[in-house]
Every structure is written in C-alpha cells, then in structure tokens.
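Read through the structure below, which is laid out as structure tokens, and then see the notes.
Just the heavy atoms: all of them, side chains too, but no hydrogens, waters or symmetry mates, feed the values below.
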Amino acid sequence: MQIHTKTRMNFFSKLILKTLKNRNLGILKNHSGSETGNNLRFGDFCNFTLYPKLRKIHLGNDINIRNYCNILVGNDADLSLGNRFFMNNYCSINCLEKIEIGENTLFGEGVKLYDHNHEYSSEPEFKVEHQKFRTAPVKIGKNCWLGSNVTVLKGVTIGDNTIIGAGCLIYKDVPANSVVKNKTENFIEIHKR
C-alpha cells in the first residue's frame with residue numbers, strides 16, 4: 001500500500017513539473033518578440049516573466065537553464081542569450097532595458113543580473129521609488145564564467161574570455177581576458193581553554 005502511494009505521488013509530481021515546463025516553453029515560444037533556437041532545456045520550477053511590449057528576446061541554440069531560475073524581461077527591453085549558454089540553479093536575469101550574454105558563457109549557482117536600480121531621492125526626505133528605475137545595458141562577452149553568487153549591476157560590460165570569482169559584486173566594466181577575485185581574508189581566532 002505504501003509503495004503504491006509513493007508511486008502515485010511520483011507520477012503526479014512529474015506530471016505537475018512537466019505541465020509547468022510546457023507552460024514556460026509556451027510563454028517563450030509564443031511571445032511575439034521571442035526568437036528561440038534549437039535544444040532549449042530548462043529545469044524544474046523556472047519562471048519566465050515576459051512583459052507584453054518587450055522589444056525582443058533572443059535565445060540561441062543549446063541553452064541549458066537549471067532549476068529554480070527566474071528571467072524577467074520588461075516592456076521595451078531586449079534580452080539576448082548566446083548559443084550554448086548555461087545557467088545553474090537559483091540564478092536570475094532581470095532585464096528592463098538590455099542584457100546581452102555571449103556564446104559559451106556559464107553561470108554558477110545564484111548568479112544575479114540587473115540592468116536597473118530603483119530611483120531614490122534624499123531631499124526633502126529619503127525615499128526609494130518602488131516603480132521608477134534608472135537603467136543601463138549589461139553586456140557579458142563570450143566564453144565567460146561567472147562563479148556562484150556573482151551579482152552584476154547596471155551599465156557593466158564584461159569582456160570575452162573572463163572569469164568572475166564566486167561572490168563578486170561587479171559594478172564597473174571588466175576587460176576581456178581577465179580574472180576577477182574577491183580580496184577577502186578569513187581571520188581565524190583560536191580560543192584557549
């Protein structure tokens with residue numbers, strides 16, 4: 001009896017996941033501004049939010065998006081993912097103007113891209129706007145590797161053949177053929193008994 005219930009739950013879980021994947025694939029392929037290449041794969045619980053008046057979304061061939069990833073493309077925005085792009089678990093791309101990622105580029109887990117910041121003011125009092133943004137394009141070259149938990153902010157260009165180490169916050173341009181590392185040190189203190 002217990003094995004039969006487990007098998008039934010497995011079947012329903014797989015059916016739900018398949019339904020969600022088909023829904024997301026439909027969203028991508030049926031949007032008027034979308035061009036999708038061959039062999040697009042994405043994992044479980046991915047979310048694609050495509051605004052109705054987006055300018056363009058181009059997905060190249062052999063793109064692999066793992067589990068729990070989010071892609072948002074706003075009105076008048078342009079997103080381009082090159083051939084053989086790989087995005088690991090828990091990544092997000094948040095595009096309100098333009099984000100371009102070159103071919104053969106891969107993201108470690110938890111990479112976040114933002115081509116925008118919230119507008120804010122400090123006079124007469126400090127206020128962060130919830131629905132007003134300042135935008136600038138993000139461009140990541142080909143053959144790049146962004147390690148786990150990298151965050152890339154608006155206006156950044158990362159050149160071809162570049163490695164960005166885990167945990168880096170990228171807020172200015174990185175030239176081609178570079179390696180970027182966090183320069184943090186661990187301080188280990190041993191307590192005497």
Side-chain angles (χ1 to χ4, degrees), residues 24 27-29 31-37 40 42 46-60 63-66 68-122 127-176 178 180 182:
N24 281 327
I27 288 170
L28 287 171
K29 290 196 175 216
H31 196 286
S32 61
S34 179
E35 303 169 1
T36 56
L40 171 63
F42 53 90
C46 291
N47 184 48
F48 300 95
T49 304
L50 308 180
Y51 282 47
K53 295 179 184 172
L54 67 79
R55 189 173 309 130
K56 184 176 94 174
I57 181 169
H58 171 79
L59 305 178
I63 289 178
N64 188 352
I65 298 171
R66 298 284 300 273
Y68 304 100
C69 293
N70 292 294
I71 295 177
L72 177 139
V73 184
N75 288 326
D76 299 317
D78 185 347
L79 174 66
S80 179
L81 307 179
N83 295 332
R84 294 171 302 286
F85 169 66
F86 173 78
M87 190 158 83
N88 211 333
N89 302 314
Y90 304 104
C91 292
S92 70
I93 297 174
N94 302 279
C95 179
L96 296 184
E97 183 178 324
K98 182 174 186 174
I99 294 178
E100 182 180 347
I101 301 170
E103 62 186 32
N104 298 315
T105 289
L106 63 100
F107 288 1
E109 287 191 340
V111 170
K112 311 283 187 236
L113 304 184
Y114 301 95
D115 68 351
H116 59 281
N117 285 337
H118 289 272
E119 288 188 12
Y120 64 93
S121 59
S122 57
K127 180 181 180 185
V128 177
E129 298 290 341
H130 289 247
Q131 295 298 318
K132 293 181 183 177
F133 303 95
R134 291 193 177 116
T135 64
V138 169
K139 182 175 182 181
I140 299 173
K142 48 188 179 178
N143 304 313
C144 293
W145 172 25
L146 279 64
S148 294
N149 300 311
V150 167
T151 300
V152 179
L153 300 180
K154 73 178 180 78
V156 167
T157 297
I158 297 173
D160 295 342
N161 311 309
T162 295
I163 298 171
I164 309 292
C168 288
L169 172 64
I170 306 301
Y171 58 92
K172 59 184 177 180
D173 291 353
V174 178
S178 297
V180 177
N182 264 335

Residues in side chain to side chain contact (heavy atoms under 4.5 Å, CB included) contact with [X], at least two apart in sequence or another chain:
| X | result |
| --- | --- |
| H31 | S34, L50, L54 |
| K132 | E119, E129 |
| D76 | R55 |
| N117 | K154 |

Side-chain donor-acceptor pairs of residues 137-153 under 3.5 Å, sequence neighbours excluded:
from: N143; atom 1: OD1; to: N104; atom 2: ND2; distance (Å): 3.4
from: N143; atom 1: ND2; to: N161; atom 2: OD1; distance (Å): 3.3
from: S148; atom 1: OG; to: E109; atom 2: N; distance (Å): 3.4

Mind checking the [atom1]-[atom2] spacing from [X] to [Y]? Nearest 0.5 Å is all I need.
| X | Y | atom1 | atom2 | result |
| --- | --- | --- | --- | --- |
| I101 | L81 | CD1 | CG | 5.0 Å |
| S80 | E35 | OG | CD | 8.5 Å |
| I63 | T36 | CD1 | OG1 | 9.0 Å |

Inset, instruction - Verify the neighbour count for atom CZ of F133: are there more than 12 heavy atoms of other residues, nucleotides or ligands below 6.0 Å? - result: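 Atom CZ in F133 is packed in, count exceeds 12.
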
Inset, instruction - Using side-chain hydrogen bond (donor to acceptor under 3.5 Å, both in side chains) as the criterion, list what pairs up with E100, not counting sequence neighbours. - result: none

Keeping [X] on the side-chain end and [Y] on the backbone end, is there a donor-acceptor pair under 3.5 Å?
| X | Y | result |
| --- | --- | --- |
| N94 | L113 | yes |
| D160 | A176 | no |
| K112 | Y90 | yes |

Check [X] against [Y] and note the closest heavy-atom contact, atom names and distance.
| X | Y | value |
| --- | --- | --- |
| C95 | A77 | O-CB, 3.6 Å |
| G110 | C91 | N-SG, 3.8 Å |
| C168 | I164 | CB-CG2, 3.7 Å |
| C46 | Y68 | SG-N, 4.2 Å |

Would a 4.5 Å heavy-atom cut-off, applied to side chains only, mark [X] and [Y] as touching?
| X | Y | result |
| --- | --- | --- |
| T135 | Y114 | no |
| E103 | F85 | no |
| T49 | I71 | no |
| F107 | N88 | no |
| E97 | H116 | no |
| N75 | P52 | yes |

Inset, instruction - With side-chain contact (heavy atoms from CB on, under 4.5 Å) as the test, would you mind laying out the steps for I99 and I93 before giving the verdict? - result: CA-CA 8 Å; I99 294 178; I93 297 174; 3.8 Å; yes

Inset, instruction - Could you walk me through whether R66 and N64 pass the side-chain contact (heavy atoms from CB on, under 4.5 Å) test, one step at a time? - result: CA-CA 6 Å; R66 298 284 300 273; N64 188 352; 4.3 Å; yes

Inset, instruction - With side-chain contact (heavy atoms from CB on, under 4.5 Å) as the test, would you mind laying out the steps for V180 and I170 before giving the verdict? - result: CA-CA 9 Å; V180 177; I170 306 301; 4.1 Å; yes

